[in-house]
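Down below is the structure, laid out as structure tokens.
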Amino acid sequence: MKDAAPQTIYLKDYTPFGWQVEDVYLTFRLAPNATRVIARIHFAPNPDAPTQDFFLHGNALTLIRASIDGQPVTPELTDAGLTCAVPSGPFLWEAEVEIDPASNTALEGLYMSGGMYCTQCEAEGFRKITYYPDRPDVMATFTVRIESDMPVMLSNGNPRTAGDGFAEWHDPWRKPAYLFALVAGDLRNHPDSFTTRSGTKVDLNIWVRPGDEGKCAFGMQALKASMKWDEDVYGREYDLDVFNIVAVDDFNMGAMENKGLNIFNSSCVLASPETSTDANFERIEAIIAHEYFHNWTGNRITCRDWFQLCLKEGLTVYRDSQFTSDMRGPEVKRISDVIDLRARQFPEDQGPLSHPVRPESFQEINNFYTATVYEKGAEVIGMLKRLVGDEAYAAALDLYFDRHDGDAATIEDWLKVFEDVTGRDLSQFKRWYSQSGTPHLSVTEDWSDGTFTLHFEQHTPPTPGQDEKAPQVLPIAVGLLGPNGNEVQNTTILEMTEGKQSFEFTGLSARPVASILRGFSAPVVLRRESSAEERAFLLAHDSDPFCRWEASEALARACLIAMITEGATPDTAWLDGLARLLRDDTLDPAYRALMLGLPTEADLARSLHEAGVTPDPDAIFDAVETLRLFMAERWADLLPKLAEEARVSAPFDPGAAQAGQRALGNRVLSLQSRIDGGAAAQAQFAAADNMTMQLSALASLNRAGTAEDALKAFHDQWQDDRLVMDKWFGLQIAAAAPAEAVARASALTRHEKFDWKNPNRFRAVFGALIGNHAGFHQADGAGYALLADWLITLDDKNPQTTARMCSAFQTWKRYDAGRQEKMRAALERIAAKPNLSGDTNEMVSRILS
Ligand code: ARG
Ligand code: ZN
């Protein structure tokens, strides 16, 4: 139990463990409430360690017996593990412990989900399985024997022997304990195989609960595509005889890259046209790739300590985004990533939870699996690649894999390969890893005598623990357009290293229009005093798809802010410019679908706050609704044409082409349903033969308040499908009118299918409530109170998911005094809960500080 005073761990205190683990032999005698784990571990002194202190982590273990070299010992048990007097040379440690997987609702360590045994060990779950030096720099080979009457028993590596009631696995690759995995259950497999480019045949399996066999084909295809892509693009081959994926219904996050045995939240691997949306397909493809890519960036080269988490996560996110770009098109992927970064990483980086990509301290590492470590960590790698160029990037990665294969590495090691390959000094660039906060980049321009000058100034506002910021290296991709819209300067990277810096372009015959931060070349807030005409010009002519989208985004944002703060009417010049682009049928439908998007309400709140205006959630909601209705009316002729273009007549295919058409069609539908009383949505709902079309229609109906029958029909059709029912729960709240969202969420928590211990179901309800900006921020504080009640309930069972969802309150200081007071009260109520978990305690105190 974690009642003891919270302990803070610091990067600067790193010291190696006193012992090396040569090999580990584990025997599991599985039983739901009394599983026995027998560990035999060979330890040898670590010559690089300052002391030979012997401490093994352990949590919620009942020690049955322990011995050293066959002699029984009585270790001293502490609340975090054990210590023991040990020989000065190599020895064999044996321990038998008893654990209770059926009662493990935290879903960390060995637990049960729907009758099957499974594990989640990253970051520090292995210590709930046996006593062990549970840190990523201790690596060993594992042999595992599983004894149970379950028909399928899996662990890492290659299968060795199996017989009646047992199976043995051996993983020849040294690995840290966080990559350990075990699964046992009544599972069905979807088998396939892949032959590596050097000719090794690898058996592939996706294991699922009976009944889910029909939802594996897409995941398998994605796995094979990932294996091929990593060979082609990074030269990385798979290194075992088998690769297993298992789908688990109760899982705290998306998926886990355990060596040779990836374990997935079933929502991130099971797919079928009838039950999965296009967005689900794309996400499943990306997560399968992500976990597979970890085999090299994470497993073969792991992290020295958890402060280096971005070493594997930032790089692996970067790699999976490259993969998605290659599979589905770079323009749309880049814009989607920027939308996501602004929605999830910017609020984190600009609030009380702000932390560097490589944090310097933590209490609970689970709280640092964040958008900053993952997504900003990936942005940092993108910048590095932009600065050194594609060839040097490839050479640096080859050197990284060569030099560090088998290592537990650091960010210093990572940057050093780039320095060695390019001769660059990356010490200033390294600030991206140590400085938190989003840099603000402002730009002004001058024009005289054929010379165009851009003056940049960077400034990063203070963040917790960091009052002073030093200038960072910013790769600013810029292009220039001439008066007729032609490009007079192709994309060039300006490398900004100082607080203020100017860049000149000479020999121009007329004043150009600058296209700045092409491809979103650095994760900054760009502040540009730009006229609406200039933005409209970029919207019409920019050859950079990101900046073209961004021009419309900026106009939409300006329009909405003027509507909110000055009661202005919608900006028809922008809408007409946008309509011209929407009519251009040479443009990818997926791209036009993105163009039809508006900034989210939460993101508008952020912009208002940045501009010194206290955001009013209801006013923001009204402005967005007014604008959407205005668009629907103004484009009454255009929308049916777009709908026609978006119609898919071929059989369903989850690839980018059809998905883009459906995305465009459903954006159009959502606008149309504002003026046709829901007729088109009703028709689409009735005719839909895939989940994308069915669910979008339902959302439009729900928003129009005419979904009662459709919701019932949807429920009756899908009540036995857990993943689709998550959608049914979420949609009713996400697409509810603000005044109804909290009441709906509250009513749904009383629904018989609200299984709150299942993280997917809990998130379906509360993630949707948090995402309904004006609903969650209902002025009387009912949304805050409901969420707090449920977080308090969940904390006893599942601290990790509770802590993560506390971030809903991270923006509390942006709002008016009344809402602030109510959010503070909710947070204080959570903080005051008896036996609050360390995870939640850390989150709440950071948010309140
Ligand atoms: N390494 C896993 C993934 O990215 C995620 C593990 C999350 N662990 C956690 N304790 N939150 O791919
Ligand atoms: Zn990952």
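Order of appearance sets the numbers: ligands from 1, and atoms from 1 within every ligand. All values below come from the heavy atoms of this structure, side chains included, with hydrogens, waters and symmetry mates left out.
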Aromatic ring proximity, centroids under 6.0 angstrom, Y292 and F243: yes
Residue, atom name and distance, where the atom is the protein heavy atom closest to atom 4 (O) of ligand 1: Y374 OH, 2.8 Å
Charged tip of K430 within 45° of Y433 ring normal and under 6.0 Å: no
Numbering as shown, the atoms of ligand 1 that approach K312 to under 4.0 Å (heavy-atom distance): 1 (N)
Heavy-atom gap Q800 to ligand 1 smaller than 4.0 Å: yes
Where ligand 1 meets E291 - atom numbers and elements under 4.0 angstrom, heavy-atom basis: 3 (C), 12 (O)
Shortest-distance N, O or S atom of E313 relative to the Zn ion (ligand 2): OE1
Close-contact set for ligand 1 against E257 heavy atoms, below 4.0 Å: 1 (N), 2 (C), 3 (C), 12 (O)
Atom indices of ligand 1 within 4.0 angstrom of A123 heavy atoms, with elements: 10 (N)
Flag, side chain of D134 to backbone of R127, donor-acceptor distance under 3.5 Å: yes
Test item, H294 contacting ligand 1 (heavy atom, 4.0 angstrom): yes
Listed once per pair and sorted, the ring pair (Phe, Tyr, Trp, His ring centres under 6.0 Å) pairs that draw on residues 332-359, sequence neighbours left out: H355-F368
Per-residue contact class, E122 against ligand 1 - non-hydrogen pairs under 4.0 Å: both
Polar side chain donor-acceptor pair, E108 to N366, under 3.5 angstrom: yes
Atom indices of ligand 1 within 4.0 angstrom of A255 heavy atoms, with elements: 2 (C), 3 (C), 5 (C), 12 (O)
Metal check, the Zn ion (ligand 2) vs E257 N/O/S, cut-off below 2.8 Å: no
Contact with ligand 1 for E124, non-hydrogen, under 4.0 angstrom: no
Numbered atoms and elements of ligand 1 in range of N366, under 4.0 angstrom, heavy atoms: 9 (C), 10 (N)
Candidate list N841, D796, T840, test side-chain hydrogen bond (donor to acceptor under 3.5 Å, both in side chains), partner K833, passing option: D796
